[in-house]
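Letters A, B, ... mirror the listed sequences (proteins, then strands); counts begin at 1.
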2 protein chains.
Amino acid sequence: MSGSEVQKPPPLAKALYRARQGDSPCAACDVRHLAVCSALEESDLNELEAILHHTQLSAGDTLFDEGEPSTNVYNLTTGCLKLYKLLPDGRRQVTGFLFAGDFVGLANRDEYIYSAEAVSAITLCRFEKRKLDQLMHDHINFERRLLGMARFELAEAQDQILMLGRKTAMERISSFILMLSERAKRRGDPDNPVGLPMSRNDIGDYLGLTTETVSRTITRLRKSGTISLDTDHKVIINDREALVEIAEGY
Amino acid sequence: MSGSEVQKPPPLAKALYRARQGDSPCAACDVRHLAVCSALEESDLNELEAILHHTQLSAGDTLFDEGEPSTNVYNLTTGCLKLYKLLPDGRRQVTGFLFAGDFVGLANRDEYIYSAEAVSAITLCRFEKRKLDQLMHDHINFERRLLGMARFELAEAQDQILMLGRKTAMERISSFILMLSERAKRRGDPDNPVGLPMSRNDIGDYLGLTTETVSRTITRLRKSGTISLDTDHKVIINDREALVEIAEGY
DNA sequence: TTTCCCTGATGATCTGGATCAATGCCCGGA
DNA sequence: TCCGGGCATTGATCCAGATCATCAGGGAAA
């Protein structure tokens, strides 16, 4: 792991700039409205800041491995992180891709139940679980927010299960592109040329397919005109209606 | 739906019997220690009882359908219930089997995100979500219990995703039998001749396989001596070690 | 008792996606 | 500038599990 840990001042230039204006780092955070942190009043943010450490990792760095004691939870502030599980013979299942504002660690108990690796360069806020639990105890809204997030993730997991159990390769790829597009929109990023920061191999391990099948299927979508490939890992959705129809299984 | 709704007195003869002894129905409930209800002190159980309705359904009855407004949540007290999602062309994915003590409705928002159908005859406690939310608000422990359950289910969903994405038919069937065994044990039922109340078709739709593959794979496990089939939908695990090795993918 | 229906088991064949293999491209380091 | 390694694409072949088809058992109704 080559990621360095930066204390207090957040690595985001913009946040730093705003912080110098007089606001606290958390109050200036670009993704606070997306994250758990939105559960706290501005006046309570200093409590959060007191227990948080800013961290950054480069693409390919490991944040933690499945089976390690889960002493920390994280909030992703920039970049893309992947979560995955391995079978003894090396088969891999990527269980999720996380983006700015996403929370890491809801599902874990005493040990991490998956490994986490940076897809791109990322920045995160790290919390010691023990301290966050304490803070949560005093702020019931924080706990409620966490329950809301857990319920949301549970609903998303059901969709993922349907996809893996019953959808074809073409339906999976279409669903995947649409999901990335919708999530980008939700966090305020452009939803049409949609970023695909992860490799074909990562996509395959997320969708239960091989890289070859991912590649061939994307080619088919491209040749049919439904999507186009931009440079720099971006997909242009030319016909969203068609993509939705395919994804839903019509 | 042919299930009848019974007010107040629980349909369980045993619970009724105990209730007559002077305890409240909830205090006498066989599965309270497994259910959300364990979050409340005995002294607060009357608040729960005030908003709960006992319900029963026959095998094959529908509890609710995907897309309906989710006005109720439920706690299963006896029997087996399956949750499933459909694709437009009729492909079905069973996302979960629920047993005594399990809670129905954590993942739902305004609408049910899956349909629920009784696998065997079942009994449940029904709560109006609106009223339960109110009660929750006053009993922080209830909310904490729900968060704990959501986190647990999230972890289980990860396993299901790994299974659907990367395991072979043989590994899926083995994992499935072991899961049922472990859950039976957790709720205090015998874990070795393990009950398999659902049809081969339901199992297939849960594991992302066809009935034929389920049937053939179970036959292979039986012929290898790892398991035996008892009458009355029961499986005898002869070699748990072997089954675990297969399930884990060694 | 016979008939019907539903579920599960099993055989024969087919196919979507896996596997194996080769090539091209881009980027970074010498 | 050239070389090497990683990633994506594409082609050829294979196979696990799907699909199609048949049959056996067992319970319910007549």
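The 12-atom threshold is exceeded at CZ of Arg109(B), counting heavy atoms of other residues, nucleotides or ligands nearer than 6.0 Å. The number of heavy-atom neighbours closer than 6.0 Å to CZ of Arg220(A), taken from other residues, nucleotides and ligands shown, is 12 or below.
Taking Arg240(B) as the reference, Leu178(B), Ser181(B), Asp191(B), Ile237(B), Val244(B) meet the side-chain contact (heavy atoms from CB on, under 4.5 Å) condition, with sequence neighbours excluded. Every residue two or more places apart in sequence or in another chain that forms a salt bridge (Lys or Arg N to Asp or Glu O under 4.0 Å) with Asp189(A) is listed here: Arg187(A). For Ala150(A), the side-chain contact (heavy atoms from CB on, under 4.5 Å) partners at least two apart in sequence or on another chain are Leu106(A), Leu147(B), Ala150(B), Leu154(B). For the ring-ring contact (aromatic ring centres under 6.0 Å, His included) test, no residue two or more places apart in sequence or in another chain qualifies with Phe99(A). Applying the salt bridge (Lys or Arg N to Asp or Glu O under 4.0 Å) test to Asp159(A) and every residue at least two apart in sequence or in another chain returns Lys85(B). Under the side chain to side chain donor-acceptor pair (under 3.5 Å) criterion, Thr213(A) pairs with Thr210(A), not counting sequence neighbours.
No donor-acceptor contact under 3.5 angstrom links the side chains of Asp30(A) and Thr77(A), judged on distance only. In summary, the side chains of Ser115(A) and Asp65(A) do present a donor paired with an acceptor at a separation below 3.5 Å, with no hydrogens or angles considered.
Put simply, the side chain of Gln160(B) gets close to the backbone of Thr95(B): a donor and an acceptor are under 3.5 Å apart. Remark: the backbone N or O of Tyr74(B) is not paired with any side-chain donor or acceptor of Arg126(B) at under 3.5 angstrom.
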Would you list the atom pairs, donor with acceptor, under 3.5 Å between side chains in residues 194-201 of chain B and any protein atom, with sequence neighbours excluded?
| from | atom 1 | to | atom 2 | distance (Å) |
| --- | --- | --- | --- | --- |
| Ser199(B) | OG | Asn201(B) | N | 3.4 |
| Ser199(B) | OG | Asp202(B) | N | 3.1 |

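The nearest whole Å value for the distance from the CG atom in Asp232(B) to the P atom in dG8(C) is 13 Å. Atom CG of Asn201(B) is separated from atom C1' of dC5(C) by 16 Å (rounded to the nearest Å).
Stacking of Arg92(A) on the aromatic ring of Tyr84(A) is recorded, both the 6.0 Å distance cut-off and the 45° axial limit being met.
Ring geometry for Phe64(A) against Tyr112(A) counts as parallel: the plane angle stays under 30°, on a 0 to 90° scale with 60° as the upper cut.
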- Message: Return a single string for nucleotides 9-23 of chain C, one symbol per nucleotide in 5' to 3' order, where B is base contact, S is sugar-phosphate-only contact and - is none, cutoff 4.0 angstrom on heavy atoms.
- Response: BBBB----SSBB---
- Tell me, for nucleotides 24-29 of chain C in 5' to 3' order, what letter each nucleotide earns: B for a base near a protein heavy atom under 4.0 Å, S for only sugar-phosphate near one, - for neither? ------
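At its two ends the helix from dT1(C)-dA30(D) to dA30(C)-dT1(D) runs along axes set 30° apart, each axis drawn from five pairs and the angle rounded to 10°.
Contacts between residues 79-90 of chain B and DNA chain D, defined by a heavy-atom separation below 4.0 Å, involve no residue at all. Taken residue by residue, residues 243-250 of chain B places no heavy atom nearer than 4.0 Å to DNA chain D.
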